[in-house]
There are 2 protein chains.
Amino acid sequence: MDTVGTASIHFSAVAGRSSLADIARLAGVSLATASRAMSNSYGVAPATRARVLRIAEELDYVVSPEASRLARGAVGRVALVVPHVDRWFFGAVIGGLEAELSDAGLDVLLYHVGDADDRRDFFHRLPARRKVDAVVVVAFEVADAERERLERMGVLVVAAGGQDEVYPGVRIDDREAGRRAVDHLLFLGHRRIGMISAVDPDQPVAARPHGRDQAYHDALRDAGLPIDDELVVTIEWSGVAAADAMAALLSLRSPPTAVYCHSDELALGAIRTIRRAGLRVPEDLSVIGVDDHPLAELTDLTTVAQPARDQGVRAAHLLLARLRGQGSPQHVVLPTRLVIRRSTAPPREV
Amino acid sequence: MDTVGTASIHFSAVAGRSSLADIARLAGVSLATASRAMSNSYGVAPATRARVLRIAEELDYVVSPEASRLARGAVGRVALVVPHVDRWFFGAVIGGLEAELSDAGLDVLLYHVGDADDRRDFFHRLPARRKVDAVVVVAFEVADAERERLERMGVLVVAAGGQDEVYPGVRIDDREAGRRAVDHLLFLGHRRIGMISAVDPDQPVAARPHGRDQAYHDALRDAGLPIDDELVVTIEWSGVAAADAMAALLSLRSPPTAVYCHSDELALGAIRTIRRAGLRVPEDLSVIGVDDHPLAELTDLTTVAQPARDQGVRAAHLLLARLRGQGSPQHVVLPTRLVIRRSTAPPREV
DNA sequence: CTGTTAGCGCGTTCAT
DNA sequence: ATGAACGCGCTAACAG
């Protein structure tokens, strides 16, 4: 697909003039000793070590990662596979991962695998092969066929965010999160509750029922309420689509008095439609989201908060522990919590 | 399912366990030929090449990047230095960069340099040294001292987003963007216009006057309007802080009839305060932002749009051109445009 | 077109 | 404590 462009690129080698050999010569020691000094190995006289380090410092010397890794066999890098980079949640998880990983001295390679083409390409070519010690799938549903390909990389795989059950990882309980949202609406007295449900068209694993969907059904059933299919609209993951979905709900003979949205972004889309219809939130209609996106605070949106950055941080810890051969929990489930703002209220008296 | 097929092969089926030597032996050719075949070099008989590739495929062979790069002298990697990963604009730029760079066969290393500590550490240790062919600073103001450190890496540096003037790069004209915003408010008839101005406390280069600030002064001056310092509030880059700033503006003896915010996020903060005060947007007060954040569309916010992802894409192109030794423009300035929605209107008749 | 032979820069046994 | 030498896996001359 890009072979032509790629083949013609010639990278100019540069940087780091000096090599370990230079350092060794200048320090008057052998290459072996210089190497040991640089890597803090045992068996080097403090004095010699100091001398070597000083020379290296002066020469602005840096060990060649390629050579070092070639000789050593390890790589010291981990790949992050992400379906989105421009959505808050993903960015936050990536941020958490990056912080911990780079703190541990690992380099972070970023692989953005967005649409179906990207996916096919990524799992077919496995561009990260031989380049990393581990890969983290960020809120990414790995299909069975893809999983098989991933195996061939022969490296540790960890999941951060998302609902993956196969790889060790960190996540929230989507069912619990959704339940908190719907239960809150029920508690406020709503009996006719709509749901705007989102699926990612590029995530092939849509088969498995989504926890946030189940929560809706669970909550209504437990409240002894009937499920009205009209009240559920399933769309792709986009605020604009949610705005349209809300319009559909408002076109019902008997519209809902409250709407549960799978995410804050969707909730904002829904609110736009409600306002354009001349109705007020929450007086005329309540809306609740999930995520606690930073802008939810600014838009006074009631939501169920999930720790985003923290999922990345914890996933990194889990990854590091396993890389070191230490034991670590298979799955870490982080808590969610209801954040009440001003987009929800009891239903209007009829 | 294709690995162990050839009975005569005794190598383990584990990915990446075989070397070029194995391939060469099995294909009955020399190492050199195998290498040429793998790298698509000229001078290999189609038949031999095919044979080599088939064997490689069967063995699930992947060239060792370390060895290859060590021998070749280049690295095929570029570092992205970013101050934020969880803000839309940065994510979008990163997305654009990643797409083009990985298409060109380059790996992308991510370095999140957030607060002052991160910066000091990054520029002191230069963890990307010898690991990359180039570094991209994403909307990042590089201080002079830092610039000097960066030089020592001896690699190409490119800027994406931000207002860097030193490195070749891609950006928008902040002054123009701001001008569009303020001019629009003036055109609507506003004469008392406030500004919520943001600075990043972790960006040490706050000294240089910000283009979005200048635009405000330029526009008012050109309109023959006086500058009232009371109407300008400078805060850190946060929606919550903007909400407070808006409160300050509303506490004035003579509040503005319209507010120009340096970003959409700030605008949303301002709007929250306005609404909480029982006032309506835009009937009582107009608000305009800059960016065209995806949520601006959902919140019906009038704003000046800037191409985010595209700045990344173009910066990548510029980078690739230079890596190839081709000429390329020093600075690319992308256009901005006013997007009128429902947060601005003519001032109320007094 | 293909094979031989040097390195690339460093880690790591072995000796000493 | 230190040094010599080999090997990591591959690419790039240079022959043939």
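The model shown is predicted, which means the values in this text are computed figures rather than measured ones. Proteins get letters first, then strands, A, B, ... in listed order; numbering begins at 1 in each.
A donor-acceptor pair is defined here as one N or O able to donate and one able to accept, closer than 3.5 Å; no such pair exists between the side chain of B:Asp310 and the backbone of B:Val313. Of the possible donor and acceptor atoms, none in the side chain of B:Arg49 sits under 3.5 Å from a partner among the backbone N and O of B:Val44.
For A:Tyr61, there are no ring pair (Phe, Tyr, Trp, His ring centres under 6.0 Å) partners two or more places apart in sequence or in a different chain. Residues meeting the ring pair (Phe, Tyr, Trp, His ring centres under 6.0 Å) test with B:Phe140, sequence neighbours left out: none.
Checking the phosphate oxygens (OP1, OP2) of C:dC10, no side-chain nitrogen or oxygen of A:Ser64 falls inside 4.0 Å. For C:dG9, the OP1/OP2 oxygens have no side-chain nitrogen or oxygen of A:Tyr61 closer than 4.0 Å.
Taking 4.0 Å as the cut-off between side-chain N and carboxylate O, B:Asp60 and A:Arg129 count as a salt-bridged pair.
Comparing the axis of the opening five pairs of the helix from C:dC1-D:dG16 to C:dT16-D:dA1 with that of the closing five pairs yields an angle of 30°, rounded to 10°.
A straight line from CG of A:Leu70 to C1' of D:dG9 spans 6 Å, rounded to a whole angstrom. In this structure, A:Glu66 places its CD atom 23 Å from P of D:dG7, rounding to the nearest Å. Counting to the nearest Å, the C1' atom of C:dG9 and the CZ atom of B:Arg72 are 16 Å from each other. Distance CE (A:Met38) to C1' (C:dT12): 17 Å, rounded to an integer number of Å. When the P atom of D:dT11 is taken as reference, atom CD1 of B:Ile23 falls 12 Å away, rounded to whole Å. Here the P atom of nucleotide C:dG9 and the CZ atom of A:Arg69 are 16 Å apart, to the nearest Å. Going from atom CZ of B:Arg129 over to atom C1' of C:dG9 covers 16 Å, rounded to whole Å.
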Would you tabulate the nitrogen or oxygen pairs shorter than 3.5 Å linking the protein to nucleotides 1-3 of chain C?
| unit_1 | atom_1 | unit_2 | atom_2 | d |
| --- | --- | --- | --- | --- |
| C:dT2 | OP1 | B:Thr48 | OG1 | 2.9 |
| C:dT2 | OP2 | B:Ala45 | N | 2.5 |
| C:dT2 | OP2 | B:Thr48 | OG1 | 2.9 |
| C:dG3 | OP2 | B:Ser30 | N | 2.9 |
| C:dG3 | OP2 | B:Ser30 | OG | 3.4 |
| C:dG3 | OP2 | B:Thr33 | OG1 | 2.8 |
| C:dG3 | N7 | B:Arg36 | NH2 | 2.7 |
| C:dG3 | O6 | B:Arg36 | NH1 | 3.2 |
| C:dG3 | O6 | B:Arg36 | NH2 | 3.3 |

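Residue A:Leu20 is in sugar-phosphate contact alone, with no base atom involved, counting any heavy-atom pair closer than 4.0 Å across all strands shown. In this structure, A:Ser35 reaches the bases: a heavy-atom distance under 4.0 Å links it to at least one base atom across the strands shown.
Around CD of A:Glu58, the count of heavy atoms belonging to other residues, nucleotides or ligands within 6.0 Å exceeds 12. A 6.0 Å sphere centred on CD of A:Gln326 holds more than 12 heavy atoms belonging to other residues, nucleotides or ligands.
Applying the ring pair (Phe, Tyr, Trp, His ring centres under 6.0 Å) definition to pairs two or more places apart or across chains, those involving residues 95-134 of chain A are A:Tyr111-A:Phe122. Applying the side chain to side chain donor-acceptor pair (under 3.5 Å) definition to pairs two or more places apart or across chains, those involving residues 24-37 of chain A are A:Asp22-A:Arg25, A:Ser30-A:Thr33.
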